[in-house]
Amino acid sequence: MPEQQEISLSILKKRWLKFKTLKRGYYSFVLLVILYILSWFLPLLVNNRALVLSYEDEMYFPIISGYYAGSEFGQDVPGETIYRELQATWESENSENWVIMPIYPYSPFEDITVAGNKMYDPPSNTHWLGTDNTGRDVFARLCYAFNISISFALVLTILNYIIGVIIGGSMGYFGGRFDLFFQRIIEIWSSLPMLFVIIIISSIIRPSFFLLIFIYTIVNWIGMTYLMRAEFYREKSKDYVAAALSMGQTNFKVMFKHILPNAMVPIITFFPFAIVGGISALVSLDYLGFGMPPPTPSWGQMLDVGLQNITKAWMVFAPISALFSTLIMVVFIGEAVREAFDPKVYSRLR
Amino acid sequence: MSKNTLVDVKNLSVHFPVHGGIFSKRVATVKAVDGINFSIDRKQIVGMVGESGCGKTTVGRAMINILRHVAPDVEIGGSIEYHFGDEVVDFARLSSSEVRKYRSRVQMIFQDPYASLNPRMTVAQIISEPLQLHTNMTNKEQTERVGWLLDKVGLQPEQARRYPHEFSGGQRQRVGIARALATNPDLIICDEPVSALDVSIQAQVINLMMDLQDEFDVSYLFIAHDLSVVEHISDKIAVMYLGDMAEYGNAQDVYHQPRHPYSKALLSAVPLPDPSRKNRKRIVLEGDVPTPLNKPSGCAFRTRCPIAQPACAESKPEFKEQAKDHFVACPIVE
Ligand SMILES: Nc1ncnc2c1ncn2[C@@H]1O[C@H](COP(=O)(O)OP(=O)(O)OP(=O)(O)O)[C@@H](O)[C@H]1O
Ligand code: SF4
Ligand SMILES: [Mg+2]
């Protein structure tokens with residue numbers, strides 16, 4: 001389509017437009033972004049505490065203010081109010097009091113200690129994907145685990161990128177002893193059997209989200225660092241850098257204003273694969289039991305108990321399909337990004 | 001040295017150490033430039049010619065002090081003294097932070113117009129960068145100045161919002177010229193500014209550069225490998241061979257009465273429309289250019305020189321003023 005462009009487009013903008021035409025990747029991208037944003041509002045959507053509750057003309061917001069004993073609302077249970085039952089009771093009594101529950105009124109932590117919950121409950125209208133070996137709702141856990149998986153992968157990737165750009169960029173840009181020093185460090189580092197190191201560390205210290213990020217960053221910074229080293233090394237000898245320096249631009253500005261925008265190709269094309277790597281890393285650690293501490297919802301842990309109870313198909317099926325569909329969407333995105341960044345026009349395998 | 005001298009290059013040498021082995025020991029030295037002398041006056045154009053690899057770009061980069069950027073361990077000897085008003089600064093000695101405040105005085109136009117403009121920046125951003133660094137102009141003044149400069153180099157001010165990849169090679173080189181002129185420099189080093197362009201466009205760009213030289217009162221060090229280009233535009237011509245300067249003098253003298261055997265050979269290869277010189281003898285040089293890693297002893301040209309003598313291998317020929325303002329590095333032709 002020959003069209004006259006009034007405002008000229010930067011290369012990145014052109015690639016974004018190209019990316020948008022690659023439907024499979026683009027829709028996966030849009031869907032994942034929407035789901036991820038939604039997943040931050042999960043406490044409002046999937047939760048066992050009521051959003052709003054009116055009891056004897058007074059309003060309560062348990063979802064914000066937290067714990068209320070059952071006795072406060074005239075419910076005869078030990079410990080916290082069971083809002084679902086409260087709602088059912090008040091509705092059947094045609095009472096003045098009312099409760100508004102989240103769309104899916106179960107929490108990922110609520111187990112058989114709460115009255116009415118059963119172990120190994122098969123999928124039904126109430127528990128969409130059934131319950132697990134401790135009576136927790138599988139669907140609720142799946143949703144929360146999605147947020148954790150993606151967040152983990154994102155934070156890990158971004159951290160690695162920051163380190164990679166700073167260290168790798170400086171290695172490539174300044175060269176010399178600095179470069180040599182880090183090259184040796186990377187060689188030593190990359191020959192350590194890192195999975196074992198992680199397992200050893202997390203069997204000594206109780207792992208948490210940020211400790212796992214930290215450990216994985218220590219392992220993973222090498223990849224992006226090497227890519228960035230090569231990019232900066234190649235770009236720094238180009239004449240536009242010489243031109244910038246010859247007009248008195250500082251090294252810092254040259255690195256981040258001139259070279260970095262020209263080193264974006266590996267950063268962007270690699271991103272989806274780094275996300276896949278991050279998600280898989282967390283799943284495998286959780287599966288082996290060295291990941292996030294229980295009872296944190298996680299796909300790896302769900303996979304683990306699912307496989308121990310292989311006859312309860314929903315417990316295996318749920319985490320596997322969640323993992324599979326997330327990963328495949330990310331791969332679709334990666335494929336479309338690669339395609340959008342490809343200077344050759346007709347290179348797509350259809 | 002006259003009062004009008006802008007830059008005085010004395011005994012400049014640029015050596016790149018070559019490292020090898022597991023301990024990165026120094027195993028050799030590339031003598032890219034090996035002790036050259038010349039000077040450029042204000043508003044003067046000095047043409048520099050020589051075969052590929054003889055060190056022309058290296059001289060140019062030394063003169064804007066950016067060699068250390070790509071080769072941190074480069075060894076620079078001699079001096080490059082600029083006379084800015086009453087100040088005399090030696091670019092060969094200044095560190096990259098000390099040199100920053102003089103950067104606006106010396107600029108460069110690069111050989112490859114595709115690599116010398118940042119593909120991620122618009123033309124406006126590219127040309128206004130030196131303005132941001134060296135002037136206190138407001139954004140609006142910068143935009144105006146960019147438009148004015150674009151007009152000067154024969155582009156439309158509206159094209160400022162475009163990216164380099166939307167321009168042809170000749171247009172890009174015009175952008176490069178506008179960038180170099182932005183801060184009103186005293187000297188522009190033009191490193192083969194037209195050799196990457198179509199022949200039909202070369203003349204246009206050269207004519208433009210000549211007009212601008214007149215208008216901006218700037219000096220040029222015009223690097224080329226083609227003597228005929230340089231002859232028309234230069235006041236002086238410097239002929240380089242393998243890091244040495246073979247001959248340096250007024251353009252007319254060097255072009256019409258070359259003394260050094262290498263200059264003669266170069267000239268005999270220039271296709272001439274002038275019938276009076278039709279019957280000159282074409283001198284074909286034998287052999288390849290030796291590498292600057294391993295230069296011949298004595299006169300570097302002796303391996304290919306048609307009139308070489310045994311004495312030429314002994315000591316490096318003196319760069320001597322054989323006629324008025326005409327320096328030649330060959331005692332045999334004196
Ligand atoms: N950073 C460097 N490290 C080592 N050697 C270098 C470096 N830069 C240039 N050289 C060498 O210095 C010599 C002169 O190179 P230079 O680029 O100045 O030649 P030139 O005359 O500009 O050639 P051309 O006409 O091809 O542009 C060459 O042999 C080159 O290999
Ligand atoms: S010094 Fe000798 S070898 Fe060198 S140019 Fe003169 S004659 Fe030739
Ligand atoms: Mg060159």
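Any value given below was found using the heavy atoms of this structure, including those in side chains, with hydrogens, waters and symmetry copies removed. Quick note on labels: first sequence line is chain A, next is B, and so on, each numbered from 1. Quick caveat: nothing in here was measured; it's all calculated off a predicted structure.
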**Contact winner vs chain B - A/Ser237, A/Ala243, A/Gly176, A/Ala244, heavy-atom pairs under 4.5 Å** = A/Ala243
**Fill in**
For A/Ser246 and B/Ile64, the nearest pair of non-hydrogen atoms, with its separation, is CB-CD1, 3.7 Å
Take atom [atom1] in [X]; do more than 12 heavy atoms of anything else shown fall under 6.0 Å from it?
{"X": "A/Lys253", "atom1": "NZ", "value": "no"}
{"X": "A/Phe256", "atom1": "CZ", "value": "yes"}
{"X": "A/Arg184", "atom1": "CZ", "value": "yes"}
{"X": "A/Phe178", "atom1": "CZ", "value": "yes"}
{"X": "B/Phe16", "atom1": "CZ", "value": "yes"}
{"X": "A/Tyr233", "atom1": "OH", "value": "no"}
{"X": "A/Tyr27", "atom1": "OH", "value": "no"}

Side chain, backbone, both or neither of [X] within contact of chain A (heavy atoms, under 4.5 Å):
{"X": "B/Pro72", "answer": "side chain"}
{"X": "B/Ile66", "answer": "side chain"}
{"X": "B/Val99", "answer": "neither"}
{"X": "B/Glu129", "answer": "both"}

Could you state the interatomic distance from [atom1] ([X]) to [atom2] ([Y]), rounded to the nearest 0.5 Å?
{"X": "A/Lys13", "Y": "B/Tyr163", "atom1": "NZ", "atom2": "OH", "answer": "6.0 Å"}
{"X": "A/Tyr240", "Y": "B/Arg120", "atom1": "OH", "atom2": "CZ", "answer": "8.5 Å"}
{"X": "A/Met247", "Y": "B/His134", "atom1": "CE", "atom2": "NE2", "answer": "7.5 Å"}

Taking the side chain as every heavy atom from C-beta outward, state whether [X] and [Y] have any pair of such atoms under 4.5 Å apart.
{"X": "B/Arg103", "Y": "A/Gln249", "value": "no"}
{"X": "B/His69", "Y": "A/Val254", "value": "no"}
{"X": "B/His165", "Y": "A/Ile11", "value": "yes"}

**Request:** Could you tell me whether a side-chain N or O of B/Arg100 sits under 3.5 Å from a main-chain N or O of A/Gly248, the two making a donor and an acceptor?
**Result:**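 Side chain of B/Arg100 to backbone of A/Gly248, a donor-acceptor pair under 3.5 Å: yes, one is there.
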**Message:** Assess whether a salt bridge exists between A/Asp239 and B/Arg61, defined as any Lys/Arg side-chain N lying under 4.0 Å from an Asp/Glu carboxylate O.
**Reply:** yes
